[in-house]
Amino acid sequence: MKMGFTKKALLAVFIIAIIFAGMNFGPGNFIKDFFYSRSFGLQAALWQKGGALSFNNSDQAELNKRLLAERQKLLSDLADLDLLKKENETLRTALGIGLANNYQLIMAEVTAKNNFSFKGVAYGDSLLINKGSKDGIKKGFTVVLSNKILLGRVVDVYPNFSRVMMISSKDSVIDVQIQDSPGLALAKGQGNQKIILDMFPKSQDLKPGALVMTSALGSAYPSGMVVGSIGAISSVDSEAFKKAEINPAYDLNILNNVFIIKNIILTDG
Amino acid sequence: MAKKTIIFFLLTGLIFYFLNIIQISFLPFLDFFIFQINFSMVIALLVCVLEESQKLLGIFCAFWAGLFMDIFVGSMFFGLFTVSFLLIAIMLKLALYKYVKLSPWQWLSKIQS
């Protein structure tokens with residue numbers, strides 16, 4: 001390696017940098033979309049295999065027990081919700097709102113998940129889905145699972161694909177409310193499927209297992225979406241607020257199809 | 001020689017392409033910490049450090065690792081990973097060439113003999 005190599009190499013890097021800078025004004029997204037389209041089959045197959053492998057390795061008895069407990073809890077919640085729904089319908093009719101403006105959903109398939117996080121450049125805990133601007137997807141759309149379980153929001157849109165920042169991403173902060181509690185708090189993503197509850201008033205009760213939902217205060221998501229349930233709670237005397245772990249309501253291992261709420265366009269935040 | 005280098009360059013690209021696909025579509029399900037590491041970045045760095053400083057494989061690896069990270073992982077500034085990885089690889093190789101001269105393998109074989 002001669003020392004002239006340095007100049008040549010740096011010149012090459014400079015030229016590459018100029019070319020890439022130019023790509024940011026248009027072709028960059030099409031290059032990404034081209035690679036996503038070409039890799040879609042392989043990625044979808046690997047995603048299915050990965051999910052199945054992980055699911056088989058887990059302790060089935062423990063999983064069944066947990067699912068049964070969750071099902072019972074959800075059924076009881078459903079009963080409460082049914083009452084609320086009737087009450088809501090009555091109120092809507094009374095106010096003349098009607099139920100015509102329900103969410104318009106688009107179903108998409110998940111093909112990849114990124115764990116690498118780099119502030120402002122790459123979102124950790126982000127998913128790639130196979131619907132893009134050609135399907136009417138826009139930046140800021142909310143992504144959910146069935147039963148209003150919140151997954152995240154669209155942060156990048158390509159012609160046939162989109163990137164979804166999950167609520168567990170380090171860049172995600174959501175205004176939330178806790179079931180049976182008047183207090184509001186923040187759900188902060190910690191990366192690697194972890195979410196914590198922060199800024200919850202110390203004076204109010206917080207019970208493990210309580211449902212965490214998006215609040216009407218936040219502008220990023222519609223209110224009433226399920227974020228997860230409260231896990232371990234930590235309360236330090238010197239701090240003014242309580243903190244707790246949030247167990248996400250979704251399970252990555254069975255995350256194949258997601259729904260994008262189409263008729264709400266939201267701003268960043 | 002140039003033809004061989006180009007084939008070698010493209011072959012490295014193919015390997016890194018599949019590595020990236022596996023990284024983002026299969027490894028997220030494996031719950032051990034080791035599988036959450038970005039392998040393409042680590043491999044490019046290891047090749048840069050371990051190969052002889054005159055060889056170019058480390059720079060090829062850094063280019064492809066950066067390019068595929070820009071495509072599959074990057075959200076803004078297309079090309080940022082490629083250019084930064086290339087610069088880091090070149091600087092690392094120059095530093096190794098200037099101050100170390102020997103690859104770890106050559107160094108080990110010298111000690112053994």
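In what follows, every heavy atom counts, from backbone to side chain, and hydrogens, waters and symmetry copies are set aside. So you know, we letter chains A, B, ... as the sequences are listed, proteins then strands, and number each from 1. Nothing here was measured: the structure is a model prediction, and the numbers come from that model.
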> Under 6.0 Å from the CZ atom of F34(A), do we count more than 12 heavy atoms belonging to anything else shown?
Replying inline: no
> Parallel, tilted or perpendicular: which describes the rings of F68(B) and F35(A), with under 30° parallel and over 60° perpendicular?
Replying inline: perpendicular
>> Using 0.5 Å steps for rounding, measure from the OG atom of S25(B) to the CG atom of L128(A).
In response: 8.0 Å
> If you round to the nearest 0.5 Å, how far is CZ of F72(B) from OG1 of T111(A)?
Replying inline: 9.0 Å
>> Looking at every heavy atom in both K32(A) and D70(B), which two are closest together, and how far apart are they?
In response: CE-O, 3.1 Å
>> Non-hydrogen contacts under 4.5 angstrom with chain B: give the residues of residues 11-21 of chain A involved, or none if there are none.
In response: V13(A), I16(A), A17(A), F20(A)
> Any side-chain heavy atom of Q43(A) within less than 4.5 Å of one from I24(B)?
Replying inline: yes
> Is there side-chain contact between L10(A) and L87(B), with heavy atoms separated by less than 4.5 Å?
Replying inline: yes
> Which atom names give the shortest non-hydrogen contact between R163(A) and G74(B), and what distance separates them?
Replying inline: NH2-O, 3.7 Å
> Is it the side chain or the backbone of I71(B) that comes within 4.5 Å of chain A heavy atoms, both, or neither?
Replying inline: both
> By a 4.5 Å heavy-atom criterion (distance strictly below it), what part of I90(B) contacts chain A: side chain, backbone, both, or neither?
Replying inline: side chain
>> Determine whether N29(A) and F78(B) satisfy the following criterion, side chain to side chain contact (heavy atoms under 4.5 Å, CB included), listing intermediate values before the conclusion.
In response: CA-CA 8 Å; N29(A) 278 359; F78(B) 187 74; over 6 Å; no
For residues 10-18 of chain B, run the donor-acceptor check on the side chains, cut-off 3.5 Å, and write out each pair with its distance to 0.1 Å, sequence neighbours left out.
| unit_1 | atom_1 | unit_2 | atom_2 | d |
| --- | --- | --- | --- | --- |
| T12(B) | OG1 | F8(B) | O | 2.5 |
| Y17(B) | OH | S39(A) | OG | 2.6 |

